[in-house]
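One structure is given below, encoded as structure tokens.
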Amino acid sequence: MKKLSIIVSCYNEEKALPLFYAKMERVRQQDFADIDIEFEYLFINDGSKDKTLDIIKRLSNENSKVKYISFSRNFGKEAAMLAGLDAATGDYIAIMDADLQDPPALLRQMYDEITQNHYDRVGTRRVSRKGEPPIRSFCARVFYKLINGISNVEMVDGARDYWFMTSQVADSIKSMREYNRYSKGLNSFVGYNTKWLEYENVERVAGETKWSFWKLFKYALDGITAFSTMPLIISSIVGILFCLVAFIAIIFIIVRTLAFGDPTSGWPSLVCIIVFVSGVQLFSIGVIGQYLAKTYLEVKKRPIYIIKEQNIESQSNDHSKS
Ligand code: UDP
Ligand code: MG
């Protein structure tokens, strides 16, 4: 019998979780009724401050197919998804959010695409951003234009972290042990035949989003530094251009002084130039600093997540390896 592992990262999802589980069980009993397949749930409690863990434990008492991993603190969704992949034992693996924004009704179609149409994985993208503040949608669009222009791997606008994949794809993704995880990039990096399903945005059933604008902004910067070195190239080019301009200006000034003497004037323009060039320098140092900071975090080889408790017998002790 084939097994499907469903990875669900949960951070303060006490309201949404019971609804999610009920809906999933219904999908299992109805949509998958004609297939001999076992569902294994892997709930990753990402340091929730509410009753999420209690709810997961209750579910695991009711159903032995419910497994959980609980982190020692909040490590972020990327770390939670990795922990899920590390622990998943299924032939197929699905990654979903707990808030039902990833419609479970699509699971059967995803399964069919892989088993019948021989795709390696199925991704999902929402074609509308209904229910989202317009300014956020606008920034997202600008970001995808930008990152696709400067990065070699393609980031799909509107792609969600709702995936259905074979265990082979999962193995490839979890083989990348980097600390700064930007899953859209990692997913695109591994390749494989991907089928994209599209759907209208669904609003979360309960609870609220964990992504503030500032968090999203920092995540966008992570994405850029993790998958493009273009900012470094741009600052080098700007540096070279400024050197050229300065060189030409020096020759111009020397010639002018020799020809016409040196009338002492023009300090306002000088100040403007100094301020502008200092700005460019500081910006470039900042760009380099971003990359250096990421390198610093990578070389420390800290664990990506730390497990406090779980009901999975660890096959090896490498669950919290870096
Ligand atoms: N999540 C998580 N750790 C975090 C933040 C979020 O595991 O630090 C989970 C959250 O419980 C949910 C999923 O990631 O299952 C997506 O979060 P959310 O719905 O807040 O994001 P949005 O859908 O608004 O982008
Ligand atoms: Mg959500």
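Every number for a ligand or one of its atoms is a count from 1 in the order of the listing. Computed from heavy atoms alone, side chains included, the values below leave out hydrogens, waters and symmetry copies. Only a predicted model underlies this, so the values are computations on that prediction, with no experimental measurement involved. We number each residue from 1, following the sequence as shown.
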4.5 Å side-chain heavy-atom contact, F71 and I44 = yes
Exactly which residues line ligand 1, taking a heavy atom under 4.0 Å from it as the test?
-> S9, C10, Y11, E13, D46, N74, G76, K77, D97, A98, D99, Q101, R204, T209, K210, W211
Can you tell if the side chain of M24 reaches within under 4.5 Å of the side chain of L107, non-hydrogen atoms only?
-> yes
In the protein, how many N/O/S atoms are under 2.8 Å from the Mg ion (ligand 2)?
-> 2
Is any side-chain heavy atom of D34 closer than 4.5 Å to a side-chain heavy atom of R108?
-> yes
Parallel, tilted or perpendicular: which describes the rings of Y182 and F143, with under 30° parallel and over 60° perpendicular?
-> perpendicular
For the residue pair F20 and F43, categorise the inter-ring angle as parallel (less than 30°), tilted (30 to 60°) or perpendicular (more than 60°).
-> perpendicular
Beyond-backbone contact of L82 with E78, side-chain heavy atoms, under 4.5 angstrom = no
Among K77, K51, K49, R204, find the residue that satisfies the salt bridge (Lys or Arg N to Asp or Glu O under 4.0 Å) test when tested with E13.
-> R204
How about I147 and K184: do any of their side-chain heavy atoms sit closer than 4.5 Å?
-> no
May I ask you to decide whether D31 forms a salt bridge with R28, counting only side-chain N to carboxylate O separations under 4.0 Å?
-> no
